[in-house]
Visitor: 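One structure coming up, written as structure tokens, with questions to follow.
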Amino acid sequence: MYEENANLMLDVLYQDLRRSKTESLLLEIDYMKNDLKHVLYNLDLWTKPERPDRDFVNWLDQVFIYHDPYGVVLIIGAWNYPLALSLLPMAGAIAAGNAVIVKPSEISPASARFIVEYIPKYLDNDAVIIIEGGPQETTKLLSHRFDYIFYTGSTNIGKIIYASAAKHLTPVTLELGGKSPVYIDDTADLEMTVDRILWGKFINAGQTCIAPDYVLCTKEIQEKFIQKSKRILKKWFGDDPQKTPDYSRIVNNRHFSRLQAVLDASRHKIAIGGKYDPGDKFIDLTILTNVDVNDKIMEDEIFGPLLAICVVKDINEALKFINERGKPLVLYVFSSSEKVHKIFASHTSSGSICFNDTIVFTGVHTLPFGGVGSSGIGTYHGKMTYDTFTHRKSCLKRNFFSVGNKLSSLRNPPYNEWKLRIAREVMRKKNIPSFDFFWPVITFVIGCSITYYMLNMQKVQPEVLNGTNATIYS
Amino acid sequence: MSSPTGPHVPNSDVHVIDIDIEVENIIENPHVSIQIDKVRESNKSENNNMMNGNGNLTTSKQKTMSAAEAVQKARDTFNRGTTRPIEWRRQQLKNLLRMYEENQNVMVEALHKDLRRSKMEAILLEVDYLINDLRNTLHYLDEWTKPEHPPKGFVNILDEVVIYNDPYGVVLVIGAWNYPLQLLLLPMAGAIAAGNTVIVKPSELSVACSNFVVENLPKYLDNDAFIVFEGGPQETTELLKQRFDYIFYTGGTNVGRIVYEAATKNLTPVTLELGGKSPVYVDNTVDIVVTAKRILWGKFINVGQTCIAPDYVLCTKEVQNKFLEASKKVLKEWYGEDPQKSPDLCRIINNRHFSRLQQLIESSKNKIAIGGCYDSNDRYIEPTILANVTPADKVMEDEIFGPILPIVCIENAYEAIKFINEREKPLVLYLFSNNGEVLSKFIENTTSGGMCINDTVMNMGVETLPFGGVGNSGIGAYHGKKTIDTFTHKKSCLKKNFAAIGEKLASGRYPPYTEGNLKFITALMKKRHGPSLKYLPHFVAFAVGAAISYGIFAWQKMASDDS
């Protein structure tokens, strides 16, 4: 389906967000395709039962972990990446063997319609069901019992989803947002830093849950940052950003006026940009300087093409600033100093941490992606997506052999000291040497012996040919 | 209390400054960090001495602490970074191990007081279990806590990819009364190992064990980081109003739901270890005496007050008869003529649970095949087996949690699967069969927290098996490495640098967008499946082996040529 409808998908993303082809392909369509190829390639490997190590007590028994699907999974998508955030988890849930109900966001209607129309053409209609609707339908949906709920969206709605899941003891993954901070110190290559931050901010016009939200740096860096930004933005968009085809629009009027209000509240702090056009739902990429913690822009996640710079004196103040707020989804740090990296990694908590770049860490499929605290619960991407929708059913398999039975009958009453002593000894934790190197050692030995054998053959053969036959007769 | 970490006397908002100072020190002078660790070390030993001296004083102080104060204290300690260093955690865990080892007899006594538990069961199922688990955790602590380096794709060949193991923060562990020590202290040890501060709430129903924890834990562990909070439903409600970073609850499904709902208010992730009716299926291919022994052992340890105890048996009429016959013999052999006199049989925890079980027996009086006696003064209930039970019987409504084992007759394995699937997902499913086909039918067509084939309860003893429920029997799993993972947030990290080559490659993503750049990047991002490197070490080992023996051979030859 992804391959046959790539152009259609580009179209619907253009309709919803006026997204450019490059962004749509890189951030959604190709991303989903690559992910799905990865899932298909590994499907057999992932789904087969695991055979974990066992202890001395269980050496006669077998130990398995089976991968059970949960049952009926509900996936609620978001509007900012309307295809990937619904279909990527859906693919994982299918791979894990669940039946899936997908609810695409009603705020991105073209993409929702695409999903409604095309999924049933390609997938089993009994196992994968698409439900359209707004808040009212979602509330109704949530009153039913599911075996797993996967939600992507805002923290406030996330709480509602979590509460309704608790009624049925349903486990959840919540992919929420939050203000993701950026810290820049003076060891960073500022040219690349600005490139990377502005790119992360402006893709999808800032409507990205992992977009950098605000920058923490010194006054000095702030000045250089602004200078470089001016040059780069001109290079990227020319003189009038509204005309460039690469720049997305705000999804709807409600979000537009929310952003407009934020912008108007801090008018005097605008250093770059600041223009908007309600008719086109266009907002210029805007940078606010010397932003204060009390400014409106620092209240909630911005989720638009506005970047706030807060001036801090040093790294300590930055750490304090970050730790005083809710745990962010991502923390971005731009610095060449290993020490600074270490300090941020061990003194802050966030869903992820990315050094010297933005956004691209989501492309690493071996990294679990997800928030912590107010930025979410649970993770996905790559194998983690499959694991999210899988219940790992542990299994111990014993038999009726008399040796094992003799040993285990020690546990039966009537109890006495003698039984207790032996049982304790058997159960005691022994840290026997690891078997990790067992196979390499074996192959090593095989390698040795084969070579030795071959060399011996070589030695014997010429002797036979020479007719001395010394080895045979002796 | 004078704090050797510097002039920063702990008061209201010092915790933030403390981190700052430490950071500053690390930046200015890397050697200072070592000093700080040393200082911490001495700080801790000083605390320990004080705690040992004033154990009772500390406990009496803690009783007066409100829920909000307790959580705030734990949060301050966490924010100060006290629990982060691995060595600090190791020391705390060693102290905990010392507590187990020094107080074995006290623990056995406390269990005897609460449940009249025999020494054998107390040691095997709780004390030794805790000790073995903790030893295992200590052995692997470094390996489990160090950052992981997962494999990376071609695009990130120049970058570093790391997963850090972050503690969540303040963890609440709520224990249960049926295994009052193990179910409380095992998760607590995992939370400590992961670097969290912990508030533990022992169950108020097991009074003696609760007292043991309240009295002894503060003597061995850091009192700022690990706080014991006592109380009943009212205090627990108060506790649940606070914001935690993780909640670990063991207990019944109904209370589990309340805990979960309270957690959602603060978006707190949870592990819920709940119960449910764990079924047993027995077919006619098994050794019925061994089967009966294994089922009855699982049922009557702690007189059935075990969350993974077999709840009911599904079998044919024919197997039921054989099972009853074998059981009679086995029970006589184990507990003698009068089981009430046997020292090996536990008692029911309290009167409320006793009368609940009494009612279950009364309502199915006509179905009793074995046992059926009880003595309310002693809270004693005889091991009881009910035959030919129907799903409408009262005993089939809720988890039994007592020494009553109903047998429900079914025709075949299909009916058994249907019976199981019509009900809530159980915590464990027990199968007794030598027929591989039957076993795989059950494995593929039912879902349960865990499974155990041809034995009961023992699946809990395998630490590499995740232990936990699914659906109504719980959320999340623990045991072994899973325990520490439960209390760890896996913080993913991509580390790029400012090297020029990398930037050249990546600059294709910047606007203005062109078709050329797009093609270049998609090619770069494309998923590749190169030959797997799984067997590489084997090949290398083989090659090294071959080379070495060739070398030896050549050397030998040279030596012999010389001579």
Side-chain angles (χ1 to χ4, degrees), chain A residues 20 22 30 34 37-38 41 52-53 58 63 66 68 162-163 166 169 171 189 192 199 236 246 316 320 343 345 347 349 352-357 361 364 366-368 372 374 377 391-392 394-398 400 405 412-415 420 423-424 429 431 439-440 443-444 447-448 451-452 455, chain B residues 16 19-20 23 118 120 124 128 132 135-136 139 150-152 156 161 164 166 257 260-261 264 267 269 287 290 297 334 344 447 450-455 459 462 464-466 470 472 475 489-490 492-496 498 503 510-511 513 518 522 527 529 537-538 541-542 545-546 549-550 553:
Chain A
S20 62
T22 300
D30 266 23
N34 283 332
K37 277 184 193 159
H38 182 60
Y41 182 80
D53 298 335
N58 300 108
V63 178
Y66 295 105
D68 270 9
Y162 200 16
L169 283 173
D189 179 324
M192 288 187 208
W199 178 74
W236 285 0
D246 301 338
N316 299 331
K320 192 171 158 215
I343 289 163
H347 287 286
S349 187
S352 305
I353 187 163
C354 186
F355 294 117
N356 300 331
D357 209 336
F361 71 99
V364 187
T366 48
L367 284 180
V372 60
S374 56
I377 292 174
H391 165 60
R392 294 169 77 234
S394 60
C395 177
L396 169 69
K397 188 175 178 183
R398 306 201 66 204
F400 292 102
N405 195 40
N412 294 337
Y415 302 139
L420 177 61
R424 285 184 87 167
K429 186 77 218 145
N431 292 314
W439 281 109
T443 41
F444 176 82
C448 285
T451 318
Y452 186 76
L455 287 171
Chain B
V16 183
I19 291 180
D20 296 347
V23 167
S118 60
M120 176 105 167
L124 285 187
D128 263 20
N132 284 329
R135 284 213 180 115
N136 191 39
H139 184 74
K152 51 194 173 181
N156 300 108
V161 176
Y164 292 104
D166 263 11
R257 199 169 280 139
Y260 197 7
E261 278 180 42
T264 61
L267 281 171
D287 179 335
V290 177
W297 179 77
W334 285 359
D344 302 334
T447 297
M451 283 181 72
C452 189
I453 297 170
N454 296 334
D455 207 338
N459 56 322
V462 187
T464 47
L465 286 181
V470 61
N472 268 15
I475 293 176
H489 165 59
K490 299 271 174 195
S492 60
C493 173
L494 172 67
K495 202 170 184 171
K496 300 199 79 164
F498 294 111
E503 182 61 11
Y510 300 132
Y513 298 142
L518 177 61
T522 42
K527 190 85 221 136
H529 295 290
H538 299 192
F542 182 87
S549 38
Y550 187 81
F553 203 83

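Sequence lines set the chain letters: A, B, ... in the order given, protein chains first and strands last, and positions in each chain run from 1.
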Visitor: Less than 4.5 Å apart, any side-chain heavy atom of A/L367 and any of B/V161?
Guide: yes
Visitor: Could you tell me which non-hydrogen atom of B/W297 sits nearest to which non-hydrogen atom of A/P413, and how far apart they are?
Guide: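 Closest heavy-atom pair between B/W297 and A/P413: CD1-CD, 4.3 Å.
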Visitor: Given that the side chain runs from C-beta out, which part of B/D287 has a heavy atom under 4.5 Å from chain A: side chain, backbone, both or neither?
Guide: both
Visitor: For the residue pair A/D246 and B/Y513, what are the closest heavy atoms and their distance?
Guide: OD2-N, 3.0 Å
Visitor: Once you round to the nearest 0.5 Å, how far does CZ of A/R398 lie from CG of B/N459?
Guide: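 The distance works out to 11.0 Å.
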Visitor: For chain B, which candidate among A/A345, A/A423, A/S20 shows the most heavy-atom pairs at distances under 4.5 Å?
Guide: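 Winner by heavy-atom pair count: A/A345.
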Visitor: Can you tell me how far apart CD1 (A/I377) and OG1 (B/T264) are? Round to the nearest 0.5 Å.
Guide: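 Nearest 0.5 Å value for the CD1-OG1 distance: 9.0 Å.
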Visitor: Take B/L494 and A/F355, measure what side-chain contact (heavy atoms from CB on, under 4.5 Å) needs, and give me the verdict at the end.
Guide: CA-CA 6 Å; B/L494 172 67; A/F355 294 117; over 6 Å; no
Visitor: Locate the shortest heavy-atom distance separating B/P466 from A/R392; write the atom from each residue and the value.
Guide: CG-NH1, 3.8 Å
Visitor: Can you tell me how far NZ of B/K495 sits from CD1 of A/I353, rounded to the nearest 0.5 angstrom?
Guide: 9.5 Å
Visitor: What part of B/N472 lies closer than 4.5 angstrom to a heavy atom of chain A: side chain, backbone, both or neither?
Guide: both
Visitor: Between B/T522 and chain A, which part of the residue has a heavy atom less than 4.5 Å away: side chain, backbone, both or neither?
Guide: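 Both backbone and side chain.
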Visitor: Could you give me the CA-CA distance, side-chain angles and deciding distance for B/L124 and A/L420, then say whether side-chain contact (heavy atoms from CB on, under 4.5 Å) is met?
Guide: CA-CA 8 Å; B/L124 285 187; A/L420 177 61; 4.2 Å; yes
Visitor: Is there a side-chain contact (heavy atoms from CB on, under 4.5 Å) between B/L465 and A/V63 once you walk through the steps?
Guide: CA-CA 8 Å; B/L465 286 181; A/V63 178; 3.3 Å; yes
Visitor: What's the separation between atom OH in A/Y66 and atom OG1 in B/T447, rounded to the nearest 0.5 Å?
Guide: 13.0 Å
Visitor: Report which part of B/Y510 has an atom under 4.5 Å of a heavy atom belonging to chain A: side chain, backbone, both, or neither.
Guide: both
Visitor: Okay, side chain of B/T464, backbone of A/D53: is any donor-acceptor separation there less than 3.5 Å?
Guide: yes
Visitor: B/S492 side chain to A/P368 main-chain N or O, any donor-acceptor pair under 3.5 Å?
Guide: yes
Visitor: Measure the OH-CG distance between B/Y260 and A/L169 for me, rounded to the nearest 0.5 Å.
Guide: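 Here the interatomic distance stands at 7.5 Å.
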Visitor: To the nearest 0.5 angstrom, please state how far the OG atom of A/S394 sits from the CE atom of B/M451.
Guide: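 These two atoms lie 9.5 Å from each other.
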Visitor: Tell me, with the steps shown, if B/V470 and A/D68 meet side-chain contact (heavy atoms from CB on, under 4.5 Å).
Guide: CA-CA 10 Å; B/V470 61; A/D68 270 9; over 6 Å; no
Visitor: Give a yes or no answer on whether the side chain of A/T366 reaches the backbone of B/P150 with a donor-acceptor pair at less than 3.5 Å.
Guide: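 Checked: no pair found.
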Visitor: Given 3.5 Å as the limit, does a donor-acceptor pair link the side chain of A/D357 with the main chain of B/K496, or not?
Guide: no
Visitor: Compare every heavy atom of A/Y415 with every heavy atom of B/D344, then report the nearest pair and how far apart it is.
Guide: OD2-N, 2.8 Å
